[in-house]
Amino acid sequence: DETKKTTYIVHMAKSEMPEEFEHPSHWYDSSLKSVSDSSEMLYAYNNAIHGFSAQLTADEAKSLKNQPGILAVLPELKYELH
Amino acid sequence: TTRTPEFLRLDKNAALFPASSAAGAVVIGVLDTGVWPESKSFADTGLGPVPSTWKGECESGTNFSSKLCNGKLIGARYFANGYEAALGPIDESKESKSPRDDDGHGTHTASTVGGSAVEKASMLGYAEGTARGMASFARIAAYKVCWLGGCFSSDILAAIDKAVEDNVNVLSMSLGGGMSDYNRDSVAIGAFAAMEKGILISCSAGNAGPSAFSLSNVAPWITTVGAGTLDRDFPAYVSLGNGQNYSGVSLFRGAPLPGSLLPFVHAANASNSSSGNLCMMGTLIPEKVKGKIVLCDRGVNPRVQKGENVKAAGGLGMVLANTAANGEELVADAHLLPASTVGQKSGDAIKKYLFSDPNPTVTIFFEGTKLGIQPSPVVAAFSSRGPNSITPGILKPDLIAPGVNVLAGWSGGVGPTGLADDTRRVEFNIISGTSMSCPHVSGLAALLKAAHPDWSPAAIRSALMTTAYSTYPNGQNLQDLATGKPSTPFDYGAGHVDPVAALDPGLVYDLTVNDYLDFLCALNYTPSEISSVARRSFTCDAKKKYSVTDLNYPSFAVSFDAVGGSNVIKHTRTLTNVGAPGTYKVSLSSDNPAVKISVEPATLSFTQTNEKKPFVVTFTAVSTMPSNTNVFGHLEWSDGKHVVGSPIGVSWT
């Protein structure tokens with residue numbers, strides 16, 4: 001299903017953030033909006049990674065991966081208790 | 001926990017550990033299923049003000065008010081955005097959209113890591129004693145990331161993100177995923193950021209043992225913890241109609257079985273399923289089970305669920321037999337009906353009787369709690385094993401700690417079995433897993449952090465590893481419950497944690513962020529892969545020769561090529577003096593002459609604190625060995641007072 005959205009974790013290169021953005025979260029938001037009008041950010045990360053997580057279609061994820069400043073777009077993984 | 005403080009010699013050496021004021025400055029973050037704040041383990045009696053560095057919060061939500069936090073439980077947050085995005089809105093009639101622990105696992109790990117002392121704690125009368133966490137004066141912050149549907153990486157990353165911002169000092173994560181490269185593993189990535197802030201990250205090794213290559217959480221900036229037994233048992237004897245008795249274990253409490261022998265049936269002969277021996281739900285035939293004790297094989301479905309299924313079919317009791325996967329490992333459970341778990345050997349003997357006697361009979365005698373069981377510790381069969389499948393050059397797990405039949409705090413929202421039909425409520429529960437061993441090490445790391453605030457996470461881990469023990473007093477290697485034979489560094493890493501010795505390790509193998517960046521270069525990570533892990537632009541120096549063998553790790557994993565390649569591998573290490581001036585001499589041992597090991601220099605003299613001295617270990621394969629051959633050894637530096645030990649694992653691949 002091409003419209004099915006799943007969660008991706010998007011890693012971004014903070015050093016490549018355009019000067020027009022005052023805060024990384026604005027840059028993350030702009031990057032997300034550039035590939036999807038409907039997707040909302042689940043989290044914007046400040047310390048663990050530079051980037052965010054969001055629900056995207058496979059095509060949106062592929063498109064995002066080609067945007068400048070994007071290091072990786074990784075599908076969400078499920079962990080379990082030990 | 002009611003036994004591990006004695007087992008780890010914490011109680012008798014309490015004076016050596018930091019006072020409550022120093023320990024109270026350490027905050028341990030626990031990523032898990034949340035917390036049951038009403039547990040007595042989170043009472044804050046005697047604790048001073050919350051550390052001024054603390055920036056965390058106590059969040060409100062379903063069944064949880066921010067007022068439930070106190071001087072012990074200083075933070076409680078929950079992260080469900082990823083979970084809800086994947087599986088839809090949380091059904092708040094089934095689980096609390098808040099830090100509230102509806103499962104029990106998070107309360108167990110949090111109280112193990114740093115629970116306050118609670119007198120006369122027990123689980124239905126079993127394992128009675130004073131329960132306390134390893135760092136009983138440390139502060140706890142709970143980060144709920146695991147829900148009924150699992151733990152999602154976007155939520156885990158968000159929790160680590162906050163924990164770093166909140167200023168925790170130690171992070172305990174008893175969870176894991178598959179075996180991903182570090183740049184694709186959210187736990188490894190988040191842990192890197194935490195490590196960089198001076199936070200020690202301790203993770204469970206996984207419960208996929210005894211299979212080789214079954215470890216998770218193997219990034220070298222993570223402390224990876226396997227599980228061992230305590231010297232405590234909960235015997236429940238299986239007495240057969242032929243007069244033979246077999247020892248098993250049980251935490252059953254309830255109406256006893258009738259004194260007389262009862263009819264006994266193998267589940268495979270009372271089932272409508274080809275895998276009837278497993279006592280799966282709906283497979284037992286009530287007419288063949290009613291009024292009898294049923295033998296079920298361990299595996300596939302949860303152990304306590306097998307008992308529930310036997311009970312539902314009208315059975316009076318259960319004998320649960322281990323198979324080859326678990327060997328002689330006896331994990332006790334609070335079954336809903338009289339039941340005993342027996343090892344594989346006993347199980348086989350009992351089955352032989354069942355199949356040979358036309359009218360087999362049996363009963364079970366419950367003996368309560370027994371201490372002083374030897375040998376102990378023994379490596380748990382379930383504890384995940386090396387070699388390290390992601391980076392064979394790093395020996396994992398790092399060490400083992402108590403993880404079998406551990407008593408700790410429990411959620412008031414669920415019974416001790418976790419089954420929906422279990423209406424019993426307990427303040428403490430006894431459960432097993434590397435989930436239980438991980439918070440032991442996290443708590444002990446917090447104690448070391450309080451004693452040595454200036455030590456890096458790597459120095460703390462080094463102290464825990466180089467002072468761990470891998471032999472019993474008689475010199476024999478720690479046993480493996482899966483085989484009954486001596487275990488190896490691929491099972492226990494550096495050995496079993498010894499926190500008293502770890503307080504004064506003499507020397508440590510320290511590591512900085514730059515060392516880990518060099519390590520990523522040695523793995524040929526691209527600049528963007530390094531940036532994903534380490535959040536910075538970093539280009540490996542094309543002129544520099546990077547090698548995993550140069551990472552200053554406190555253990556040695558050596559890989560020779562079975563079909564050629566070099567027969568000489570050198571590892572470089574640097575020791576830092578954290579004790580008094582002294583001269584350390586090296587000693588080496590190996591279980592096979594196929595590898596010659598030498599160290600240069602063989603003596604290291606330290607005249608001041610924090611002085612660093614390098615050395616090189618040369619491993620020479622004297623003869624070519626077949627693929628999958630392993631040789632083990634031990635390297636030790638000693639000044640006569642301290643012993644700084646490292647395990648060696650050599651493999652041919």
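Computed from a predicted structure; not experimentally measured. Naming: A, B, ... by sequence-line order, numbering from 1 per chain.
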Looking only at Asn81(B), Leu175(B), Asp161(B), the option with the highest number of non-hydrogen pairs under 4.5 Å against chain A is Asp161(B)
From the list Ser186(B), Gly190(B), Gly433(B), the residue making the most non-hydrogen contacts under 4.5 Å with chain A is Ser186(B)
If one checks every heavy atom of Leu81(A) against chain B at 4.5 Å, the contacting part turns out to be both
Turns out that what part of Asn183(B) lies under 4.5 Å from chain A's heavy atoms comes down to backbone
When the 4.5 angstrom heavy-atom criterion is applied to Thr526(B) and chain A, the contacting part is neither
Of His105(B), Met436(B), His108(B), the one forming a side chain to side chain contact (heavy atoms under 4.5 Å, CB included) with Ser174(B) is His105(B)
If one checks every heavy atom of Thr7(A) against chain B at 4.5 Å, the contacting part turns out to be side chain
Cys151(B) and Cys146(B) SG atoms under 2.5 angstrom apart | yes
*List the steps and the verdict of salt bridge (charged side-chain N to carboxylate O under 4.0 Å, His left out) for Arg536(B) and Glu196(B).*
CA-CA 12 Å; Arg536(B) 72 194 70 203; Glu196(B) 204 176 344; 2.2 Å; yes
| query | Does any non-hydrogen side-chain atom of Asp32(B) lie less than 4.5 Å from one of Met173(B)? | reply | no
When the 4.5 angstrom heavy-atom criterion is applied to Phe382(B) and chain A, the contacting part is neither
Looking only at Gly176(B), Ala208(B), Ala193(B), most heavy-atom pairs under 4.5 Å shared with chain A are made by Gly176(B)
If you tally heavy-atom pairs under 4.5 Å between each of Ser153(B), Ala159(B), Ser435(B) and chain A, the highest tally belongs to Ser153(B)
- Item | Non-hydrogen side-chain atoms of Phe52(A) and Tyr43(A) separated by less than 4.5 Å | no
The interface call for Ser204(B) against chain A, heavy-atom contacts under 4.5 Å, is both
Q. Is there a side-chain contact between Phe152(B) and Trp147(B), using heavy atoms and a 4.5 Å cut-off?
A. no
*Parallel, tilted or perpendicular: which describes the rings of Trp27(A) and Phe21(A), with under 30° parallel and over 60° perpendicular?*
tilted
Honestly, the part of His82(A) sitting under 4.5 Å from a heavy atom of chain B is both
Tightest non-hydrogen contact, residues Asp101(B) and Gly106(B), listed as OD2-N, 3.5 Å
Note to self: Between Lys144(B) and Asp103(B) (salt bridge meaning N to carboxylate O under 4.0 Å), is one present in this structure?
What the structure shows: no
Counting heavy-atom pairs under 4.5 Å with chain A, the top scorer among Ala86(B), Ala158(B), Ser180(B) is Ala158(B)
Per-residue tally against chain B (heavy atom, under 4.5 Å) across Glu76(A), Lys78(A), Glu40(A), Gln55(A) peaks at Glu76(A)
Subject >> Electrostatic pair Glu57(B):Lys162(B) at N-O distance under 4.0 angstrom >> reply: no
Honestly, the part of Thr109(B) sitting under 4.5 Å from a heavy atom of chain A is neither
Tightest non-hydrogen contact, residues Ala401(B) and Ser437(B), listed as O-CB, 3.3 Å
Applying a strict 4.5 Å limit to non-hydrogen atoms, the region of Val145(B) in contact with chain A is neither
Under 4.5 Å to a heavy atom of chain B? For Leu42(A) that would be both
Under 4.5 Å to a heavy atom of chain B? For Glu80(A) that would be both
